[in-house]
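Below is one structure, written out as structure tokens; the observations come after it.
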Amino acid sequence: FPTFVQSGGDNVVLFYVTTCAHCQSFLKYYEQAARHFRGTTVKFGTVELSGNSEIGHGQGVQKVPLVRVYFEGSSFKQDLRGEDYTGQIDTKEQLVTFIETNRGSSKVQHLDALREARDKSVLM
């Protein structure tokens, strides 16, 4: 898992459970989004949590399906912390838009700054 996440490019991971109906229906949209980015530096992977619960716990996965994006240039990528996709799970368009909108170092740095501010406010 760390090798995939920390490799070059933007890395998208779907955490799911085989027995989850929502996960199964979202898989087709996730695969469509992966095809949309074929030939780019965006890579897609999946983690089935039934057999990989330690990864889920280590990543703080509390609900499925969960898509987490580890953007290139993000300081959170090296710490194995990504940005959670919170849009609809019944379409590929919003996932594609989320990835396309947030690619590029200036937007990634902005996401990092927002996340750091949120983390600090939680700690206070």
Side-chain angles (χ1 to χ4, degrees):
F1 179 77
T3 303
F4 173 76
V5 168
Q6 293 174 335
S7 65
D10 300 308
N11 304 305
V12 185
V13 178
L14 169 64
F15 297 93
Y16 74 103
V17 177
T18 305
T19 57
C20 166
H22 292 295
C23 298
Q24 292 304 313
S25 64
F26 181 66
L27 271 171
K28 65 182 172 190
Y29 302 114
Y30 187 76
E31 290 167 355
Q32 289 171 2
R35 282 192 295 275
H36 175 86
F37 286 101
R38 190 174 289 151
T40 71
T41 60
V42 179
K43 293 178 283 197
F44 286 72
T46 59
V47 175
E48 203 290 322
L49 295 173
S50 298
N52 296 294
S53 59
E54 70 283 350
I55 294 174
H57 291 293
Q59 286 293 298
V61 175
Q62 306 223 347
K63 65 178 184 157
V64 291
L66 172 67
V67 174
R68 188 165 286 163
V69 184
Y70 302 86
F71 290 106
E72 181 67 30
S74 169
S75 63
F76 291 104
K77 183 173 179 169
Q78 295 308 312
D79 296 337
L80 300 180
R81 296 186 293 170
E83 279 300 317
D84 291 352
Y85 166 71
T86 57
Q88 293 181 333
I89 62 168
D90 59 350
T91 176
K92 78 162 184 156
E93 284 77 15
Q94 284 192 345
L95 176 57
V96 166
T97 300
F98 175 77
I99 295 167
E100 287 177 340
T101 301
N102 293 298
R103 290 180 77 195
S105 60
S106 64
K107 293 187 180 187
V108 168
Q109 290 168 358
H110 177 69
L111 286 172
D112 281 351
L114 290 175
R115 188 168 192 159
E116 285 177 24
R118 184 188 71 214
D119 289 351
K120 286 179 184 175
S121 69
V122 169
L123 295 174
M124 297 181 150

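All heavy atoms count here, side chains included; hydrogens, waters and symmetry mates do not.
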Would you please name every residue forming a side chain to side chain contact (heavy atoms under 4.5 Å, CB included) with E48, sequence neighbours left out? Y16, V17, T18, S50
Of all heavy-atom pairs between Y30 and L95, which one has the smallest distance, and what is that distance? CD1-CD2, 4.0 Å
Taking side chain as C-beta onward, heavy atoms only, is I99 less than 4.5 Å from F44? yes
Smallest separation among heavy atoms of H22 and P65, with atom names: CB-CD, 4.0 Å
Nearest-0.5 Å distance that lies between atom CG in N52 and atom CD in Q59: 12.0 Å
With rounding to the nearest 0.5 angstrom, report the NE2 to CD distance, H57 to Q62. 10.0 Å
Candidate pair F37 and D10, rule side-chain contact (heavy atoms from CB on, under 4.5 Å), full reasoning: CA-CA 10 Å; F37 286 101; D10 300 308; over 6 Å; no
Let me confirm one number: the CD-CD distance from Q88 to E93, rounded to the nearest 0.5 Å. 9.5 Å
Between V67 and F98, is any pair of side-chain heavy atoms under 4.5 Å apart? no
So how far is it from N11 CG to T3 OG1, rounded to the nearest 0.5 Å? 11.0 Å
Hey, what's the ring geometry for F1 with F15, parallel, tilted or perpendicular (30° and 60° as the breaks)? tilted
Rounding to 0.5 Å, atoms CD (E100) and NE2 (H36) come to a distance of 4.0 Å
Heavy atoms only: give me the nearest V12-F4 pair and the separation to one decimal. O-CE2, 3.9 Å
Could you pull out the closest heavy-atom pair between T91 and F26, with the gap in Å? O-CE1, 4.5 Å
